[in-house]
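To start, the structure under review is shown below, and the notes come after it.
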Amino acid sequence: MEFVVIWSGLANIFFFCTRERVSTMRTSWADLAASSAAENVAAGSANNCGAGTTTAPGRSAYVPPHLRNRPASSDPPAAANSGPAVGSDRSGHVGSRWGGGPRNDYNRSGYSGGSRGGSGWGGSRGGGWDRGRGDREVNPFGDEEDTEEAFGEQENTGINFDAYEDIPVETSGENVPPPVNTFAEIDLGEALNQNIRRCKYVKPTPVQRHAIPISLAGRDLMACAQTGSGKTAAFCFPIISGIMKGQSMPRPARGARTVYPLALILSPTRELSMQIHEEARKFSYQTGVRVVVAYGGAPINLQLRDLERGVDILVATPGRLVDLLERAKVSLQMIRYLALDEADRMLDMGFEPQIRKIVEQMDMPPPGVRQTMLFSATFPREIQRLASDFLSSYIFLAVGRVGSSTDLIAQRVEFVHESDKRSHLLDLLHAQRANGVQGKQSLTLVFVETKKGADALEHWLCLNGFPATTIHGDRTQQEREQALRSFRSGNTPILVATDVAARGLDIPHVAHVVNFDLPNDIDDYVHRIGRTGRAGKTGLATAFFNENNTSIARSLADLMHESNQEVPDWLLRFAARSAYSGGRNRRSGGGRFGSRDYRRDSSFNRGGSDYYSGGSNNNNNSGGGYGGVSGGYGGGGGYGGSGVTSAWD
DNA sequence: AAAAAAT
């Protein structure tokens with residue numbers, strides 16, 4: 001039968017302390033600014049703010065595009081860093097668990113060690129891409145000599161582990177492998193260990209501590225972890241390591257131009273795919289494992305050429321991948337690892353058919369043969385149900401407190417009428433500027449609802465002396481990438497974005513996320529604010545709320561409450577009003593503990609209503625719904641039920 | 001109702 005384990009540094013009290021604030025984490029704007037290290041400006045060239053809409057007073061810091069210099073070191077976009085940890089870790093290898101899972105044997109069976117080398121494969125894996133062709137692997141760390149100093153942005157490589165110390169973790173499923181405390185405990189292989197050192201990761205983040213052993217044991221995984229907590233490495237390390245350790249076998253020779261990746265990583269936006277690709281390239285440097293990215297909006301020919309040079313790990317957005325599959329440029333029949341990042345988004349209405357096509361209707365090995373890993377910060381139970389089609393005897397892992405937003409993000413909500421939003425935003429920006437909290441070291445990300453709205457606001461901000469740019473789906477891919485570069489580098493310290501930028505993007509120095517227009521879905525809110533407060537750093541999120549946002553009032557109030565945020569009385573009144581009048585979102589209920597394994601509360605719910613069910617209870621009752629204490633859930637009935645909200649109703 | 005994702 002299934003059993004549940006709760007890992008926590010403070011296991012027996014985590015339930016009762018979820019309301020405590022980690023006080024050392026809390027910081028003011030000024031502190032935020034001060035703690036942001038100088039960022040070297042890189043990308044020059046135009047953002048759409050400059051030339052056309054030039055104007056205005058007070059833009060002292062703003063340098064028009066044609067005057068911007070372009071520093072010599074233009075190479076590494078990869079230097080954009082994310083992820084955790086500094087320092088080094090020993091390389092000791094402890095007992096190897098390799099080949100432990102049935103799936104690890106998959107690649108050994110049959111062909112074992114086939115030396116047919118149809119495509120330069122014999123023996124050394126890596127598709128022969130850097131052998132025999134004279135190709136040289138570009139150093140993704142962007143440092144020519146030694147890695148030590150070139151990566152000098154210490155500040156943003158350091159994850160604040162204190163912030164994660166007492167984080168509650170829930171796992172469920174059969175035979176859950178225990179977590180590890182150091183990278184050294186895991187046998188990832190020397191090449192990968194060296195890259196971990198180059199990335200200055202000292203020790204694994206909580207999600208990594210748990211997810212990596214699970215994956216290495218060959219198990220399928222559904223993982224729910226806070227934004228900014230190191231998920232990418234959590235699924236990349238086992239994949240890379242597994243590919244290195246696996247016997248290489250010849251790819252089928254069919255269609256000389258068809259390539260056969262061993263791992264597939266899917267993500268919902270092009271920019272996120274790019275980011276994952278860059279990370280994965282760093283992790284696989286000099287391992288012989290080759291990572292290729294494919295996404296729409298960019299010339300397919302370049303991507304095809306890249307693929308033909310060999311691919312072990314393919315990172316892609318769904319549309320472009322389907323295209324490649326239909327052209328028979330890519331076959332999935334050798335896939336051993338499948339990872340879906342932002343998995344709940346990948347399986348929601350817009351994406352599900354495409355994902356099903358890729359995963360179920362092409363030539364990918366079925367669950368149980370391949371290994372599947374799903375990651376997201378939010379995991380609605382309905383989506384969990386869909387996702388279970390892709391998994392085999394999987395382990396559910398939830399890391400982090402309430403709703404995957406963190407105490408690291410100070411959330412504010414302000415009542416702002418629609419007509420006042422612009423001037424209110426301007427007030428905020430002026431205040432930031434006055435505090436010195438704005439500019440290259442301190443970025444502001446503004447979310448709006450529509451693409452047109454994004455353009456309009458960007459233009460207006462520029463007119464008013466605040467250099468801004470915008471990213472949304474109506475812009476060309478070039479423009480999107482340019483906007484992101486310009487924002488990242490601080491040349492344009494304000495980015496107006498639609499939800500295309502809501503998920504996954506790791507942009508250091510985002511100090512402030514403004515929800516100019518609130519989303520209708522609380523999960524989208526969680527992802528949006530997760531663009532700040534990353535890698536253990538603090539951040540600020542401000543939301544403009546008005547009568548158009550009543551549908552999110554309840555879940556927003558719940559979320560803020562559970563994240564130890566002050567909830568304004570007026571918001572509680574909106575929440576109370578909409579609570580029973582159907583203010584429920586398409587798929588979510590409200591209260592939350594990130595998520596819990598839907599397999600575990602199926603017995604509790606009758607209509608499959610709310611995936612978080614116990615969520616709002618968790619912090620309120622001390623009965624502890626987790627350790628399987630009976631009644632933890634039943635009482636109060638989650639949402640729209642009775643008695644749940646008594647603490648602050 | 002909107003956004004994203006192939007051409």
Side-chain angles (χ1 to χ4, degrees), chain A residues 264-277 293-304 306-307 314-330 332 340-359 361-362 376 378 383 418 445-458 470-481 483-484 495-505 515-528 531 546-552 582-588:
Chain A
L264 176 63
I265 301 172
L266 291 172
S267 98
T269 66
R270 298 163 183 176
E271 287 76 13
L272 184 54
S273 286
M274 297 172 55
Q275 177 181 304
I276 294 168
H277 173 238
V293 68
Y295 54 82
I300 198 167
N301 284 336
L302 293 176
Q303 293 173 5
L304 283 173
D306 213 13
L307 285 168
L314 176 59
V315 183
T317 49
R320 176 56 59 91
L321 178 60
V322 168
D323 190 9
L324 292 168
L325 292 169
E326 285 174 347
R327 298 186 193 202
K329 298 298 184 186
V330 172
L332 301 178
L340 302 192
D341 200 9
E342 307 298 341
D344 63 330
R345 166 62 89 226
M346 302 303 282
L347 293 170
D348 82 3
M349 291 197 324
F351 271 122
E352 196 209 354
Q354 272 178 304
I355 301 302
R356 280 199 189 277
K357 174 161 189 172
I358 293 167
V359 177
Q361 291 155 34
M362 304 303 289
S376 183
T378 53
I383 303 285
E418 210 59 42
L445 179 53
V446 183
F447 282 104
V448 296
E449 195 60 19
T450 66
K451 294 177 278 197
K452 283 180 63 173
D455 282 334
L457 184 58
E458 174 242 5
T470 183
I471 185 168
H472 60 69
D474 274 355
R475 304 200 77 194
T476 66
Q477 191 54 28
Q478 259 196 330
E479 290 171 324
R480 287 165 57 159
E481 289 170 24
L484 203 50
L495 178 66
V496 183
T498 59
D499 271 331
V500 69
R503 284 169 173 262
L505 296 187
N515 274 290
F516 188 89
D517 300 318
L518 273 164
N520 294 315
D521 187 322
I522 192 66
D523 288 343
D524 291 333
Y525 172 86
V526 169
H527 285 275
R528 284 180 178 187
R531 292 322 94 211
N546 62 37
E547 61 283 350
N548 298 326
N549 306 116
T550 50
S551 72
I552 204 183
R584 185 171 297 181
N585 305 315
R586 104 185 112 96
R587 58 187 194 194
S588 53

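A, B, ... follow the sequence lines: proteins, then strands. Residue 1 opens every chain.
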Compare side-chain N and O positions of A:T498 against OP1 and OP2 of B:dA2 and report whether any pair is under 4.0 Å apart.
no
N-O pairing of A:D499 and A:R528 below 4.0 Å:
yes
If you compare every side-chain N and O of A:K451 against the phosphate oxygens of B:dA4 (OP1, OP2), does one of them come in below 4.0 Å?
yes
Nucleotide of B:dA5, B:dT7, B:dA3 approaching A:R320 most closely (side-chain heavy atoms):
B:dT7
Going by the rule salt bridge (Lys or Arg N to Asp or Glu O under 4.0 Å), which residues pair with A:K357 if we only count those two or more places apart in sequence or in a different chain?
A:E326
Heavy atoms only, 4.0 Å cut-off, all strands: where does A:V322 land among base, sugar-phosphate and nothing?
nothing
Within the structure shown, what part of the strands sits under 4.0 Å from A:G473 by heavy-atom distance: base, sugar-phosphate, or nothing?
sugar-phosphate
Of B:dA6, B:dA5, B:dA1, the nucleotide closest to the side chain of A:N520 is B:dA1
Mind checking A:D499 for me? I need base, sugar-phosphate or nothing, with any heavy atom below 4.0 Å counting as a touch.
nothing
NA contact type, A:R327, heavy-atom cut-off 4.0 Å: base, sugar-phosphate, or nothing?
nothing
So, using ring pair (Phe, Tyr, Trp, His ring centres under 6.0 Å) as the criterion, who are the partners of A:F516 when residues are at least two apart?
A:F544
Nearest to the side chain of A:E449, heavy atoms from C-beta on, is which of B:dA6, B:dA3, B:dA2?
B:dA2
Taking NZ, NE, NH1 and NH2 as the nitrogens, is one of them in A:D524 or A:R345 under 4.0 Å from a carboxylate oxygen of the other?
yes
